[in-house]
Amino acid sequence: QMELVESGGGQVQAGGSLRLSCVASRIMFSIFNMNWYRQAPGKQRELVAGISKSMNTDYVDSVKGRFTISRDNRRNTLYLQMNSLKPEDTAVYYCAAALGGGAPDYWGKGTLVTVSL
């Protein structure tokens, strides 16, 4: 089993920044591909950003240039730096871990990000 605990969410004005963190309980954190998902009100959950065990990264088009995903394997922690936040970024953000390229094997419970005008 693997526990994932997100933190760093909150309310911020448009144009502001937040950094989300996700701490994993499993010591072999480094073998997992890690992802941030989000689910906005009235929308389906979407993959926002991913970082592979080899440190390759990818982002959904809507956040490219604004969000940065990173990981610190020494601390079993995943990060999402979010800059130039927009109201459209309002969502519950979830940390997820996958052993392969398919669906995540483990999920966090989420942290709420609210971006106001």
Side-chain angles (χ1 to χ4, degrees):
Q1 284 291 333
M2 185 177 188
E3 292 184 2
L4 301 170
V5 181
E6 303 96 335
S7 63
Q11 187 171 190
V12 65
Q13 293 186 96
S17 298
L18 286 172
R19 188 180 74 161
L20 306 183
S21 298
C22 170
V23 179
S25 64
R26 188 160 173 171
I27 59 172
M28 295 189 72
F29 171 76
S30 62
I31 71 172
F32 288 87
N33 297 312
M34 300 299 299
N35 300 278
W36 286 102
Y37 288 79
R38 69 184 180 188
Q39 187 162 22
K43 295 185 178 181
Q44 293 189 154
R45 184 174 56 198
E46 68 171 342
L47 177 61
V48 178
I51 182 166
S52 72
K53 59 183 181 288
S54 59
M55 299 295 185
N56 293 319
T57 61
D58 199 12
Y59 303 88
V60 68
D61 286 345
S62 61
V63 309
K64 287 181 178 177
R66 301 189 297 119
F67 290 11
T68 302
I69 188 170
S70 62
R71 65 194 296 168
D72 186 341
N73 291 337
R74 299 166 299 177
R75 298 176 177 176
N76 287 7
T77 303
L78 175 73
Y79 301 98
L80 185 67
Q81 178 66 48
M82 305 185 295
N83 299 326
S84 301
L85 283 162
K86 304 175 180 179
E88 306 95 273
D89 296 318
T90 295
V92 177
Y93 285 72
Y94 298 91
C95 173
L99 285 170
D105 299 286
Y106 302 98
W107 291 88
K109 293 184 178 180
T111 185
L112 177 63
V113 172
T114 302
V115 184
S116 60
L117 292 171

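No hydrogens, no waters, no symmetry mates; every other heavy atom, side chains included, goes into these values.
Looking at Y59 and T68, their side chains come closer than 4.5 Å, going by heavy atoms from C-beta outward. With contacts defined as side-chain heavy-atom distances shorter than 4.5 Å, the pair N73/M34 does not qualify. Residues R71 and M55 have side chains in contact (heavy-atom distance under 4.5 Å, counting atoms from C-beta outward).
Between the OG atom in S21 and the CG atom in L80 there is a gap of 9.5 Å [rounded to 0.5 Å]. With values rounded to the nearest 0.5 angstrom, M82 atom CE is found 9.5 Å from R66 atom CZ. The structure places CG of L47 at 12.5 Å from CH2 of W36, a figure rounded to the nearest 0.5 Å. Distance check: F67 CZ to L85 CG gives 5.0 Å after rounding to the nearest 0.5 Å. Taking CG from N76 and CG from L4, the interatomic distance works out to 10.0 Å, rounded to the nearest 0.5 Å.
The aromatic rings of Y37 and W107 sit tilted, their planes meeting at an angle between 30° and 60°.
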Could you check F32 against L99 for side-chain contact (heavy atoms from CB on, under 4.5 Å), going step by step and ending with a plain yes or no?
-> CA-CA 5 Å; F32 288 87; L99 285 170; 3.4 Å; yes
Take F29 and R75 through the side-chain contact (heavy atoms from CB on, under 4.5 Å) test and state the conclusion after the steps.
-> CA-CA 9 Å; F29 171 76; R75 298 176 177 176; over 6 Å; no
Might you work through the salt bridge (Lys or Arg N to Asp or Glu O under 4.0 Å) test for D89 and K86, ending with a clear yes or no?
-> CA-CA 5 Å; D89 296 318; K86 304 175 180 179; over 6 Å; no
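Checking side-chain atoms of E6 against main-chain N and O of C95 turns up a donor-acceptor pair under 3.5 Å. The closest donor-acceptor contact from the side chain of T90 to the backbone of V115 lies under 3.5 Å.
In this structure, the side-chain hydrogen bond (donor to acceptor under 3.5 Å, both in side chains) partners of Q81, at least two apart in sequence or on a different chain, are N83.
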